[in-house]
Amino acid sequence: MSKILITKRVYPEAVDLLTRSFPVDYEATDAGLSTPQLIERARGCQAIVSQLTDKLGADVLAQLEGVKIIANVAVGYDNIDVPAATARGIMVTNTPGVLTETTADFAFTLLMAAARRIPEAHAFVHSGQWKTWLIDLLAGQDIHGATLGIFGFGRIGIAVARRARGFGMNILYCDAFPAAPEIESELGARLVSKDELLRSSDFVSLHVPLLPETKHLIGAAELALMKPTAVLINTARGPVVDEAALADALERRVIWSAGLDVFEQEPALHPKLLTLPNVVLAPHIASASIATRRRMSMMAAENAAAALSGQRPPNLLNPEILG
Ligand code: GLV
């Protein structure tokens, strides 16, 4: 009977679903498996329920003999070399859709927290520094009526734009493909060049996948084009931003502030980011509502179960495998 490896703790319903039909090797820890451990434990397994902390490059995939499917518990799948998986006949799935609204909520949370200096305000009150009302105490940037520039106008980028419309923001976007005309008119969104977006936006929010062409999409040159009052939000993937260049730009006030949920070398971050007041930091939790993380766990389990039952997994990323 087909066996499934779950590499790290997931919501228990997902484990229950799989154990009802398959033998499961469950690494029920927060540390998960090192690469050598994962390769070892995958022996004799036909499915792997992986997480974005599992780095499944071509070298690792080459050692996963007999594995038919890797079901990643994330919408992003830059941790897996999908072309290499395809070449080896391994199906790869992700968890799109269920986390769109939750992630957009969080991008907006970071945007508002960075604009209105919430972490600084919290620390100020908490540490007993609040003595009186002051005309410019912790004054921030207005959100309503401001211009939001969105890189990556897919599901999540559009969901962020919908929230922004409720705040009366103007929407610019940059994407390889123009959005459908009805989306553009519903959101009043305008496709612009990268430079125009950077120059004209008060807020820039990143919603592109991590690809070779999006690595360091935002670096020193791009930050220099942004307004000195601009706020950068990253809930996509850390390497989309040159973190050292961003830390430098925040320190020198080339831009006003940033809200970051993702980092180049998670869980490490550029040390300067920890010393700056004008950055809001979160530990890669944009999709982390209880309901959504539960659904993501279930979706990955359903993808693995479908593949092992001879069905097409609902969220198959490399359908060419099935011919
Ligand atoms: C989280 O970052 C995801 O890709 O789902």
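We count ligands from 1, going down the list as the structure has it; atoms in each ligand are counted the same way. Owing to the predicted nature of the structure, the values given are computational and were not obtained by experimental measurement. By convention here, the first residue in the shown sequence is residue 1. Excluded from the calculations below are hydrogen atoms, water molecules and symmetry mates; all remaining heavy atoms, backbone and side chain alike, are included.
Atoms of ligand 1 lying under 4.0 Å from any heavy atom of Leu99, numbered from 1 in the order shown and given with element: 5 (O). Near Met296, meaning under 4.0 Å from any of its heavy atoms, are these atoms of ligand 1: 5 (O). Distances below 4.0 Å separate heavy atoms of His284 from the following atoms of ligand 1: 1 (C), 2 (O). Of all atoms in ligand 1, numbered sequentially from 1 with element shown, those under 4.0 Å from a heavy atom of Leu52 are 1 (C), 2 (O). Of all the atoms in ligand 1, the ones that sit under 4.0 Å from a non-hydrogen atom of Ala74 are 3 (C), 4 (O), 5 (O).
The cluster map of Ile, Leu, Val, Met, Phe, Trp and Tyr, joined by side-chain heavy atoms under 4.5 Å apart, puts Val98 and Val10 in the same cluster.
Residue contacts with ligand 1: Val75 is placed with a nitrogen or oxygen under 3.5 Å of a nitrogen or oxygen of the ligand (distance criterion only). In terms of polar-atom proximity, defined here as any N/O pair under 3.5 Å, Gly76 does make such a contact with ligand 1. The shortest N or O to N or O distance between Thr95 and ligand 1 is not below 3.5 Å.
Contact check for Ile70 versus Ile80: side-chain heavy atoms found under the 4.5 Å cut-off. With contacts defined as side-chain heavy-atom distances shorter than 4.5 Å, the pair Gln46/Ile69 does not qualify.
In this model, no donor atom of one side chain and acceptor atom of the other lie less than 3.5 Å apart for Ser309 and Gln311.
Atom CG of residue Leu18 and atom CD of residue Glu13 lie 12.0 Å apart, to the nearest 0.5 angstrom.
With sequence neighbours excluded, no residue forms a ring-ring contact (aromatic ring centres under 6.0 Å, His included) with Phe151.
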I'd like a table of donor-acceptor pairs (distance under 3.5 Å, sequence neighbours excluded) in which one partner is a side-chain atom from residues 166-186, with atom names and distances.
residue : atom : partner : partner atom : Å
Asn170  : ND2  : Thr147  : OG1          : 3.4
Tyr173  : OH   : Ala179  : N            : 2.7
Tyr173  : OH   : Glu184  : OE2          : 2.4
Asp175  : OD1  : Phe177  : N            : 2.9
Asp175  : OD2  : Phe153  : N            : 2.7
Ser185  : OG   : Pro181  : O            : 3.3
Ser185  : OG   : Glu182  : O            : 3.4
Glu186  : OE1  : Arg162  : NH2          : 3.1
Glu186  : OE2  : Arg162  : NE           : 2.7
Glu186  : OE2  : Arg162  : NH2          : 3.3

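Neither the backbone nor the side chain of Asn94 comes within contact range of ligand 1; no heavy atom lies under 4.0 Å.
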